[in-house]
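In what follows, chains are A, B, ... by sequence order, proteins preceding strands, each numbered from 1.
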Amino acid sequence: MHKSYDDVIALNGIDLNIRNGAITGLLGPNGAGKTTLVLILTGIIKKNSGQVIINGMDLDKNLSEIQSVIGVVPQTLAFYPLLTAYENLEYFGVLYGLQGKKLKERIDFSIEVASLQSFVKKRAGKFSGGMQRRLNLAIGLLNDPKILILDEPTVGVDAQSRKYMLEMIRKINLEKKSTVIYTSHYISEIQQISDDVIIIDNGNIILNGTMDAILSSNKALALQVDPPDHSTLERIKGLPGVTCDAGTIFIDQNEMLYQNIIRVITLLKDNNIAMNNIQYNANMLEELYLRLTSERLRDEE
Amino acid sequence: MKRLYYIVKKEILEIARDYISFMILIIMPVVFILIMSLSMQALFQTRSNFKIKMLVVDHNKSGESKTFLERIKKIRNLSVTVLNEETTNEQLSHDMLNSDNKFGLVMNNTFSGYINDLNKGADTKPVTLLVEPTIQTLTALVINNQIEMELSKFRLNTFFNKNAEMLSFAGIQKDNVIKSIEGVIQTIYVYKDKNQSITPNAAQQSVPAWLVFSMYFLMIPISAIFHTEKNNGTLLRLRSINVKSRYLIVGKIFAYYIISMIQVVCMLAVGRYIVPLLGGDTIQFGNTYFGLFLIATCISINAISYGLLMSVISKSLNVATGAGIVFIIILAAIGGIMVPKFVMPAFMQNLSNISPLSWGMEGFLDIMLRNGTVADIMPECLLLVGTGSIMLAITGIGLKRKIIQ
């Protein structure tokens with residue numbers, strides 16, 4: 001699939017599958033093409049070329065059918081601050097085509113999911129940041145979506161609201177068997193919630209796989225140490241499946257894992273190099289992400 | 001239909017809960033109507049009902065001065081209030097400056113002598129005219145000439161009365177002479193359009209003017225809501241729900257049409273019932289309520305289309321409201337909203353015909369002032385709906401692009 005805006009290529013011939021019923025984390029720096037991808041999948045903008053098949057339907061031919069099974073939670077607070085939470089839900093519910101008992105059921109469900117029972121008659125503009133984010137999520141759930149697309153849904157919320165929202169998304173995914181596409185800048189969130197991960201940069205898919213496979217195929221262990229001397233550094237780097245970057249030694253997940261751990265720790269001990277921290281799989285996704293997308297600031301481009 | 005109903009309901013709820021919009025759309029025009037209707041009364045009183053207030057003091061206290069006072073009171077454009085005979089010029093000035101009286105007339109002690117003796121000259125100063133300095137020079141000159149004229153006639157009349165027999169003997173009839181110097185000038189007003197010749201009073205000008213003006217101010221809440229929807233992603237969300245642009249536009253038009261009709265009812269009610277209560281002129285609704293409704297509807301369509309167009313073509317709310325308001329004010333100034341068209345020079349009156357606010361204003365005046373029919377307002381209605389349709393077409397095209405941006 002290709003998409004460009006005038007001379008700027010947003011999506012450069014990407015080709016991907018999103019697993020039905022899984023939570024897929026979509027990662028990428030600013031301007032990588034994430035939002036463009038989301039906008040195309042939701043039928044808001046049109047691609048230049050290529051084909052999108054959702055639930056067996058061609059997006060170009062069955063737009064309204066596809067849109068009826070998709071729920072979107074934009075990164076902005078896409079509701080009306082002067083309306084109450086209930087009025088917002090009712091408004092969007094009707095626009096989704098719901099009415100009568102079904103409308104009320106879905107509103108009640110969404111209110112419960114967003115834990116807004118006590119605030120339904122309060123104007124949305126007077127909500128706290130966390131409550132507004134939850135209302136934003138609730139609106140996206142109104143049509144009981146088979147596919148839920150969340151674009152940075154937790155930006156600017158406190159830890160409690162974030163944890164609550166992630167739990168709810170996981171719960172909906174498990175109970176409703178919904179497919180979830182989740183974009184975020186919080187890599188820890190993606191690592192925590194996603195079954196699959198897609199990393200996109202400069203309009204290209206640079207990584208696409210299950211979270212387990214990505215984490216297990218890469219760094220299993222990160223050791224933060226005092227900077228080793230040159231000869232020790234060379235000996236560490238000489239070990240198969242071991243890399244060293246400044247004060248961090250990475251040991252890959254492979255059949256040599258335990259041997260390599262022992263060799264590295266022995267080398268450190270023999271050369272009196274202090275070990276300051278050990279991380280097992282903790283920031284592996286972030287390290288991988290930064291390595292794949294490079295660490296330069298994208299805002300400066 | 002249910003979708004449309006909820007779009008309309010949402011728009012109305014948003015405006016109803018936004019007190020700034022309420023102030024701009026209802027309170028501001030009401031205040032303008034009250035201020036302009038009450039403060040501009042004198043300015044709008046032209047020709048037949050033109051009255052200038054004058055205070056008069058009679059220091060002479062003679063039969064002649066009393067007779068002259070009665071003659072002054074009969075001058076059609078003067079409204080005379082007689083003060084105590086002992087009132088000094090200083091007190092008279094003070095009373096003038098603290099009231100609506102623009103002129104003060106003093107009949108001095110020399111008055112009766114001047115009337116009775118034709119040998120006495122102007123140097124006796126029988127009359128003093130005090131003029132409030134803000135009065136137009138032309139008006140001061142007219143009043144000065146009217147007093148002089150009345151004084152001359154009175155003096156001549158007195159002379160004739162004293163010498164009636166002698167003049168009769170000479171074949172001169174007093175009454176014929178007096179009549180011969182009155183009404184010798186025939187005045188004919190020349191109009192470009194006879195129908196436009198009826199000029200409004202202050203309320204008849206102010207009520208439709210500020211009503212039309214406020215209807216175009218609908219563009220402020222229209223832009224505010226549109227740009228909020230655009231910036232917070234609501235438009236994208238609506239597009240992801242497959243809500244068509246035409247639904248949004250039609251929904252907004254319905255909502256703002258209802259609000260503009262509320263404006264119409266409020267402003268006309270203020271003009272009809274509140275302004276007269278405060279001492280101002282009243283307005284009439286004309287012979288056709290349907291005509292009134294029709295012209296209000298056409299103005300509403302044009303104003304809403306303008307608001308939607310400005311919202312869609314502008315990059316930000318600041319641009320939309322800034323440029324939008326400036327444009328409305330210019331069109332209002334050109335279109336006879338701020339300054340009545342009948343006081344404009346000819347080329348400005350011609351220029352005013354390019355302003356939609358002028359079309360709306362003239363439509364209202366056709367019905368309310370000139371007792372026009374629906375046929376009389378059709379040109380204005382067609383212009384308003386025609387340009388409104390063009391603006392809506394551009395809006396429809398622009399909205400799709402804007403959502404994606």
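- The greatest number of non-hydrogen atom pairs below 4.5 Å with chain B, out of A/V72, A/L63, A/I70, A/T42, is found for A/V72.
- Salt-bridge annotation for A/D151 and A/K34: absent, with no side-chain N of the basic residue lying under 4.0 Å from a carboxylate O of the acidic one.
- The parts of A/Q99 that come within reach of chain B are both its backbone and its side chain, each placing non-hydrogen atoms under 4.5 angstrom from that chain.
- Ring geometry, B/Y306 versus B/F327: the interplanar angle falls under 30°, so the pair is classed parallel (tilted spans 30 to 60°).
- Ranked by heavy-atom pairs under 4.5 Å with chain A, the list B/I7, B/I225, B/T228 is led by B/I7.
- Between the side chains of A/Y182 and A/E189, at least one donor N or O lies within less than 3.5 Å of an accepting N or O.
- A/N136 touches chain B through backbone and side chain together, each having a heavy atom under 4.5 Å away.
- Within residues 9-22 of chain B, the residues having any heavy atom closer than 4.5 Å to a heavy atom of chain A are B/K9, B/K10, B/L13, B/E14, B/R17, B/D18, listed by residue number.
- Using a 30° and 60° split on the angle between ring planes, B/W210 and B/F32 fall in the parallel class, below 30°.
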Legend entry - Stepwise salt bridge (Lys or Arg N to Asp or Glu O under 4.0 Å) test for A/D108 and A/K101: CA-CA 11 Å; A/D108 291 343; A/K101 196 177 165 192; over 6 Å; no
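- With no hydrogens or angles considered, no side-chain donor-acceptor pair links A/S68 and B/N242 at under 3.5 Å.
- With a 4.5 Å cut-off on non-hydrogen atoms, A/I139 touches chain B through its backbone and its side chain both.
- Of the two parts of B/L238, only the side chain, counted from C-beta on, holds a non-hydrogen atom closer than 4.5 Å to a non-hydrogen atom of chain A.
- In this pair, B/F285 and B/Y289 present their aromatic rings perpendicular. The plane angle is above 60°, beyond the 30 to 60° band.
- Using a cut-off of 4.0 Å between Lys/Arg side-chain N and Asp/Glu carboxylate O, A/D195 and A/R170 are scored as salt-bridged.
- The ring of A/F92 has its center no closer than 6.0 angstrom to the ring center of A/Y96.
- Contacts of A/L77 with chain B are made by backbone atoms alone, with heavy-atom separations under 4.5 Å and no side-chain atom involved.
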